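Inspection log for the structure reproduced underneath, given as structure tokens.
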2 protein chains.
Amino acid sequence: MSSTVKTLELLSYFSPARPEIGLSQLCRLAHRDKATTHRHLQALEETGFVERNAASRRYRLGPVVLQLAQIREHTVPRKTSARAALIQLCDATGETAHLSVLSRKTLYVFDSCKSPDHGGREIMDVQSFPLHATASGLCALAFGSPSLMKIALDALTPFTAQTVTTAEALLQNVQTVRDTGFSYADRTFKDDIYGIAVPVFDKMGAFAGAVTVSVACAARRDDPEITECTQQNLVIASREITRNWGGVVPDALEEAWAKSLPPSQILESSA
Amino acid sequence: MSSTVKTLELLSYFSPARPEIGLSQLCRLAHRDKATTHRHLQALEETGFVERNAASRRYRLGPVVLQLAQIREHTVPRKTSARAALIQLCDATGETAHLSVLSRKTLYVFDSCKSPDHGGREIMDVQSFPLHATASGLCALAFGSPSLMKIALDALTPFTAQTVTTAEALLQNVQTVRDTGFSYADRTFKDDIYGIAVPVFDKMGAFAGAVTVSVACAARRDDPEITECTQQNLVIASREITRNWGGVVPDALEEAWAKSLPPSQILESSA
DNA sequence: CGTGAATGGTTCATATAGTGAACCACTGAT
DNA sequence: ATCAGTGGTTCACTATATGAACCATTCACG
């Protein structure tokens, strides 16, 4: 392993929870030698990737990362990087894929990729997703701010016969989403539409939105093989979008996914 | 020089204008060997600092920089880093210092640091700065979006006898600001207040706001030594805030400052 | 449809730069 | 006064970086 890689790996020990790190502490965290780590930090300081807090003498991330982030955002805007993942998801499943993002207290459609099977026909012709009745919405309730639940409970509109309209049932559904890592909306918003969704994150475990696959033909929803394929591709899409948005998939969610799905090469290769 | 530093320097060749760079092109830009540069890029790719555009096979900044930027922003918020520079400016000049930021089409007071000389008395008790009558406003007109000039010309309110109220005079003043790198407001907004300001930038040459020193005692405005000291400290503050906000001071402005001020150790040490 | 000039990428002998145990200097708590 | 922490440095040792020369593709052009 090159010394550069070792040096850059040091940066991964900084986080909102641990914004400043002293030399000795960093050596302990990284299981590294003190002299070497010190020289690594000097290289990072020289290039502006870290700077020192004059008071505590500890190291923290430097301003250079802000510049690089602005260039990255300009180079690969959110929409562009998300679209690539959405197209891949669409191709892999043959179904319509949506990406919704949370703005204030509402889930808006951010981008979508229609299944060629539907001949370009819109099967989800809405601008925003109700929290209690859609797969995306359940993701928001399960992984987003707790305050969203209050909003959802105040508007339990019954869209179809299957729509969940009681607080008890909704809370139980949301808990299942947290436990399994997937949310399902079986004709709860539109008749004949079955949705499966997973959340995406834009920073250290902060919910940003949800990727959904909407299946128009409800007959296919019971085929376990197709469902599993869809779930695996959703996980891939969520990881990809989260990564491209500078976010981190929470460990708890990765564990939930691992439990929900049988071991597979695709899932294991995420390291 | 360590190989890590050489590797990290490669990242500085990416910019909004040059978001993707091929191996050979990067070698030319950095005057580096191809084999070495290739290995450097591999280290950067391994750690997520660069990634490759699948289509063009060229390199671009990777998503890791977004994560680091979020942690940096959390660690050192804009206000915190700006305040430190403002306090230093205030201490060095003994005068009241303001930092204003441009939001939409208005310059708002972002933070201020009162001179101890004034005994905590507010000498600039406003929430926003008129573009045509304040030192901050002239900076915005000189270095901000050209569309600001239209807004300024539509509201040439005469605050004092010295306020510039004609388009010709304003345009000429703004040109002087561009040429010298400093803007002056000699009792144009408030009687007995003399302001000197410099701009700050939050990304690649994009105007973000202005740092102003406001002198209450107009008698001191003619002392060239004090003015020069103020200017030097303004330059230091602008560089510091711009750096901490992930911005870059345009080369043209650095040149203007160099011409306006006699050579000094403080200014030379910015490399 | 060769040809030349780009491109990205690899090899390997050379020697430069990285490594880490042991060390020093300082601070603050007991 | 001592000890357990810091951050930082030294220097013999060797692992790692280096770059001229190399290969493999692609692409524009006559």
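Every heavy atom of this structure was used, including side-chain atoms; hydrogens, water molecules and symmetry mates were not. Bear in mind the structure is a predicted one, so any value in this text is a computation, not a measurement.
- Checking the phosphate oxygens (OP1, OP2) of D/dA21, no side-chain nitrogen or oxygen of B/K34 falls inside 4.0 Å.
- The listed nucleotides are C/dT19, C/dG18, D/dG8; the one nearest the side chain of A/H40 is C/dT19.
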#### Entry: Pair A/E20-A/R52, salt bridge (Lys or Arg N to Asp or Glu O under 4.0 Å): steps then yes or no
CA-CA 9 Å; A/E20 292 190 348; A/R52 310 192 62 171; over 6 Å; no
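- Proximity of the aromatic rings of A/F207 and A/W245 is defined here by a centroid distance below 6.0 angstrom, and this criterion is not met.
- Here the straight-line distance linking atom OG1 of B/T4 with atom CG of A/L41 works out to 11.0 Å at 0.5 Å rounding.
- Rounded to whole angstrom, the span from the CG atom of B/L41 across to the P atom of C/dG9 amounts to 9 Å.
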### Message
Evaluate B/E95 against B/K114 for salt bridge (Lys or Arg N to Asp or Glu O under 4.0 Å), listing each step before the verdict.
### Response
CA-CA 7 Å; B/E95 302 291 347; B/K114 285 175 244 174; over 6 Å; no
### Query
Does the side chain to side chain donor-acceptor pair (under 3.5 Å) test come out yes or no for A/S145 and A/S147, once each step is laid out?
CA-CA 5 Å; A/S145 159; A/S147 64; 2.7 Å; yes
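- The side chain of A/S24 contributes an N or O atom lying less than 4.0 Å from OP1 or OP2 of D/dT6.
- Taking the C1' atoms of five terminal pairs at each end of the helix from C/dC1-D/dG30 to C/dT30-D/dA1, the two resulting helix axes are inclined by 40°, rounded to 10°.
- When heavy atoms are screened at a 4.0 angstrom cut-off, B/T36 is found touching base atoms of the nucleic acid.
- The residue among A/D33 and B/R39 whose nearest nucleotide of DNA chain D lies closer to the 5′ end is A/D33.
- One finds no side-chain N or O of A/H38 lying less than 4.0 angstrom from the OP1 or OP2 phosphate oxygen of D/dG7.
- B/I21 has its CD1 atom 19 Å from the P atom of C/dA6, to the nearest Å.
- For the pair A/M1 and A/R52, nearest-nucleotide mapping onto DNA chain D gives the more 5' position to A/R52.
- Side-chain nitrogen and oxygen atoms of A/Y59 include none within less than 4.0 Å of the OP1 or OP2 phosphate oxygen of D/dT6.
- Between the CD atom of A/Q42 and the OG1 atom of A/T37 there is a distance of 11.5 Å, given to the nearest 0.5 Å.
- Classified by interplanar angle (parallel below 30°, tilted 30° to 60°, perpendicular above 60°), the ring pair A/F182/A/W257 is tilted.
- Of the side-chain N and O atoms in B/R28, one or more sit less than 4.0 angstrom from OP1 or OP2 of C/dT7.
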